[in-house]
Amino acid sequence: MEFRSPDALFNVIPLPPAEAALDDSGYSLHGTGADAITCAVGTPEGVIGVVTRLSPTVVWVMPQGKVEHSEHRTLPVYLSGCGVTLGPIHGAFIRTDMETAGAPVGLQLVSVSLDQGRQILSLLADALKRGVAEPAASALPVQDTIDEAERIRAILMAISTGGNKGVLRRMGRTVRVVLQKLSPDARQLEWHAEDPDVDWGEAPYDIDVIGHNSAHRMKLEAGTTDGHRLITRMPDVLFRIRHRWHRRITAPEGVRVTFHHPLWRELGEMERSVVDLSFSGLCIRCRPEDLLFPGLLPPLLEIHTSDGQAISLRGEIRYVTSVRADGTVLCGLSVAPYSSDEARWVRYISETANPNTCTTDQQLEGLWDVFTLSGFFSLAGKGSEAFDQLKQDFAHMAKRAVEIPQLFCQAVWPSERGPEATLSSMKSYQHTWLIHQVAKRPGKPAVKGLEPGRIMHDLYVRCFEHPQSDADFRWFVAYAEGLNPWISRAHVRYAERYMALNPDLAYSRQVHMMDVYTSEMTGRLHEGISIGPATSAELTLLTTHIARSRPGCYVEALDFSRDRIDMRAVHNQWSGFGLEREREILVARRNGVAVAAAVLEMGQQGINLYSLLDMARLFPLSDAGPSTYVALVDAARRWYAARRRRSFHFLCEDEGGQYVQEAGIHKGPDPYLWIISAKLIPDYLEHISEVSIGRRSAPNTRQG
């Protein structure tokens, strides 16, 4: 259901309990004896067992004997603990394992009054204080060990440059610290305490500091103190703890959220301040009397931004903290935008999380100069004049891209000189985003305090985080020029490292990206060869061949699985916005037998200045396959010409051979086909911090 205004909520509030909260909502209980909460049915004396999970909408019980229950009958339910008994509350048995003795029994609570809700949550608050209750457990963070001296230095350099916060722990005390300075030559770290009256105490020290989206832990055996300064040696080992998939950012001043309680309409509309946010989550500052609990499902939350926007979301409450010193509680929610507000939500989070960058439409003037001055246009041995015909299409799509963040992210780092650098990403396949079109103006802008590497760091963070708003996102792909030092460090070496660790997560291989002009038909008759669209059986044959000859991440990222080979879902999504995205598979046959296939793809002009989406690949289906490649290239020329294309790319993944010359294919650049799993994005962005602001010199960058 999509709510057009808050008034629409009055038709659905209060929600039935089964729709207002998850069946496993609330808190897990593990008290025994006097600390236990028990559940009775029918009368206060009819105890059926100890409660193991509880919320104002559901109670789960570990029975102490056989339980007589009917799934269709509402019964009085009583809860007892801490010397009090609550009830009767109306409840009905929900699905249970009747065949297994001692299996947990669930009751759905219905028509719970506001007073009863307060009583249940008060009982839970007391259990939390006594340490016998906890919210549903979160997944433990992933920890890995870093012991390479150069990587440790780069990580700590990035943390020092960013001014990230940290905590020093020793003998039960904590000190808030900042890594103020790093001296690589002397292998020294200089920490500054944020507390006014600091007591460093005696070493050893355990220090946790926050990186891009990880906490880094180190143990320092010794240190020298001088007032608010602590000087230590650089650690030999860092322990990295992953703590978020989506990076949380502090909410801008004045951002608030309004919502109604899904169970108790009489509480009225609540307006609460937002503490932090991400593509998929919020933390808001609430009051204990708001009666919020984990698993509650507010059907409509409206985010009111400082610039006057109102964005509609649906949410699920994931945690509620204990009461803080100021009398408030922090409430964490997972959220998702309604489809009508999806574009505005993604754009708002992307802009808020990356304030140093902007969209290409805001910096279109001068952006062409960035491509020219950076040498972007000369990557394939061409001059800027060869791209002039695309200038108008590029300007048009720069404006369209801002309106369609579901498919595109085109970012610019601006300064007083105009655009300093740009980087883009787009959804090219059903589960895959393509990173492309990076260029940086030579020289250094007159920006006070700008550390080397900051520009590329900010652009990469924006373009790599942006797809995390896409629920289908699984892979990142690029065609990266490995000869460039920055591309080699940022892309190729990273993928090669993970290929060695887990080839299911990364892939990097140098390929040949050649040019084919539609006007240069070979003129051959291609006797004995018939070419036409692939049949269903031939598509199965092709996908089977690709699966045997290519790694799994290649198949999945480039939509070469049998169910996605036609790219129908991607075509429908792009065409829904009035944009071109198409794949056709032509098969060459001898005597009616399929021997080779050409996979032809096309995308909207102006999105990429090298037209990377206009790409053809050739695959043999038998030993005779290469003998039909020239005929397939001519057929591809006709296909692209019918779609008003003057040229297209041929991605050659073998050693080429005689067919390249015979088909009139022109030599081009030799980039790396680069694929990484979305699972690596948090780690990859830590890597980008290391190789950009973690290094002393800024990168000089060009990429197709």
Side-chain angles (χ1 to χ4, degrees), residues 406-408 425-434 436 470 472-479 511 513-516 518 531-547 549-550 552-589 594 596-608 610-621 625 628-629 631-653 673 675:
Q406 301 96 317
L407 296 180
F408 307 112
S425 60
M426 63 174 154
K427 187 172 184 178
S428 53
Y429 300 98
Q430 187 171 345
H431 298 304
T432 304
W433 284 64
L434 173 72
H436 66 112
D470 176 11
D472 287 333
F473 174 47
R474 303 286 186 277
W475 303 95
F476 246 123
V477 165
Y479 297 96
V511 294
M513 189 178 291
M514 301 177 173
D515 291 331
V516 184
T518 56
I531 294 177
T535 66
S536 177
E538 289 167 344
L539 290 177
T540 300
L541 179 63
L542 172 62
T543 54
T544 300
H545 166 78
I546 295 175
S549 60
R550 302 293 192 278
C553 58
Y554 179 104
V555 174
E556 290 299 315
L558 302 179
D559 280 0
F560 282 126
S561 61
R562 182 62 184 88
D563 59 326
R564 289 183 275 122
I565 187 69
D566 61 3
M567 281 179 52
R568 186 176 301 277
V570 180
H571 166 78
N572 291 341
Q573 189 174 16
W574 281 58
S575 63
F577 293 106
L579 302 175
E580 294 179 314
R581 184 75 176 113
E582 188 177 354
R583 175 183 274 179
E584 179 79 29
I585 299 172
L586 302 179
V587 170
R589 307 175 184 93
V599 178
L600 313 178
E601 295 179 21
M602 188 189 70
Q604 185 72 27
Q605 286 192 312
I607 283 294
N608 178 273
Y610 275 91
S611 300
L612 281 182
L613 297 184
D614 295 351
M615 185 86 72
R617 289 177 168 87
L618 297 174
F619 296 96
L621 300 178
T628 64
Y629 281 1
L632 282 169
V633 172
D634 272 348
R637 285 187 170 102
R638 289 190 289 271
W639 188 86
Y640 282 104
R643 288 154 180 78
R644 306 178 306 282
R645 296 297 192 267
R646 297 180 181 179
S647 66
F648 60 93
H649 299 293
F650 165 53
L651 194 76
C652 179
E653 300 180 64
L673 171 58
I675 301 172

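In this chain, residues are counted from 1 in sequence order.
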> Looking at Ala534 and Glu538, what are the two nearest heavy atoms and their distance?
Replying inline: CA-OE1, 3.4 Å
> What distance separates Thr432 OG1 from Arg474 CZ, expressed to the nearest 0.5 Å?
Replying inline: 9.5 Å
> Under the side chain to side chain contact (heavy atoms under 4.5 Å, CB included) criterion, do Arg646 and Tyr640 qualify, and how do the steps go?
Replying inline: CA-CA 8 Å; Arg646 297 180 181 179; Tyr640 282 104; over 6 Å; no
> Heavy atoms, side chains only, cut-off 4.5 Å: are Trp574 and Met426 in contact?
Replying inline: yes
> In Å and rounded to the nearest 0.5 Å, what is the OG1 to CG distance from Thr628 to Leu586?
Replying inline: 11.0 Å
>> Assess the residue pair Leu651 and Glu653 against the criterion (side chain to side chain contact (heavy atoms under 4.5 Å, CB included)); give the C-alpha distance rounded to whole Å, side-chain angles, the decisive distance to 0.1 Å, and a yes or no.
In response: CA-CA 6 Å; Leu651 194 76; Glu653 300 180 64; 4.1 Å; yes
> In Å, rounded to the nearest 0.5 Å, how long is the span from CD of Gln573 to CG of Asp472?
Replying inline: 7.5 Å
> How far does CD1 of Ile546 sit from CG of Leu621, to the nearest 0.5 angstrom?
Replying inline: 8.5 Å
>> Working note: Arg562 + Ser536, criterion side-chain hydrogen bond (donor to acceptor under 3.5 Å, both in side chains); need CA distance, chi angles, decisive distance, verdict.
In response: CA-CA 10 Å; Arg562 182 62 184 88; Ser536 177; 3.1 Å; yes
> Rounded to the nearest 0.5 Å, how far apart are CG of Leu434 and CG of Leu612?
Replying inline: 6.0 Å
>> side chain to side chain contact (heavy atoms under 4.5 Å, CB included) for Tyr429 and Met567? Distances and angles first, verdict last.
In response: CA-CA 7 Å; Tyr429 300 98; Met567 281 179 52; 3.7 Å; yes
> Is the shortest heavy-atom distance from the side chain of Val633 to the side chain of Leu618 under 4.5 Å?
Replying inline: yes
> Crowded around Arg643 CZ? As in, over 12 foreign heavy atoms under 6.0 Å?
Replying inline: yes
>> On a heavy-atom basis, which atom in Thr518 and which in Arg645 lie closest, and how many Å separate them?
In response: OG1-O, 3.0 Å
> At their closest point, which heavy atom of Thr544 faces which heavy atom of Thr540, and how far apart are they?
Replying inline: OG1-O, 2.7 Å
> Any donor and acceptor pair, going by atom type alone, linking the side chain of Ser575 with main-chain N or O of His571 inside 3.5 Å?
Replying inline: yes
> Is the Tyr554 ring parallel, tilted or perpendicular to the Phe560 ring (thresholds 30°, 60°)?
Replying inline: parallel
> Can you tell me how far the CD atom of Gln605 sits from the CG atom of Asp614, to the nearest 0.5 Å?
Replying inline: 6.5 Å
>> Just checking Phe408 against Phe577, ring centres under 6.0 Å apart?
In response: no
>> Leu558 and side-chain contact (heavy atoms from CB on, under 4.5 Å): which single residue from Met615, Arg617, Arg550 fits?
In response: Arg617
>> If we ignore hydrogens and angles and just use 3.5 Å, is the side chain of Arg581 paired with the main-chain N or O of Met602 as donor and acceptor?
In response: yes
> Is there a donor-acceptor pair closer than 3.5 Å between any side-chain N or O of Ser425 and the backbone N or O of Trp433?
Replying inline: no
> Is Arg583 reaching over with its side chain to a backbone N or O of Val599, donor-acceptor style, under 3.5 angstrom?
Replying inline: no
>> To check you understand the geometry: which heavy-atom pair defines the closest contact between Glu580 and Gln604, and what is its length?
In response: N-OE1, 2.8 Å
> Out of Gln430, Lys427, His431, Glu601, which residue meets the side-chain contact (heavy atoms from CB on, under 4.5 Å) rule with Val570?
Replying inline: Gln430
> Between Ile607 and Leu579, is a side chain to side chain contact (heavy atoms under 4.5 Å, CB included) present by the stated rule, with each step listed?
Replying inline: CA-CA 10 Å; Ile607 283 294; Leu579 302 175; 5.9 Å; no
> Can you name the nearest heavy-atom pair linking Ile675 to Trp475, along with the distance?
Replying inline: CG2-CE3, 3.8 Å
> What is the minimum heavy-atom distance between Ser561 and Asp563, and which atoms define it?
Replying inline: OG-OD1, 2.7 Å
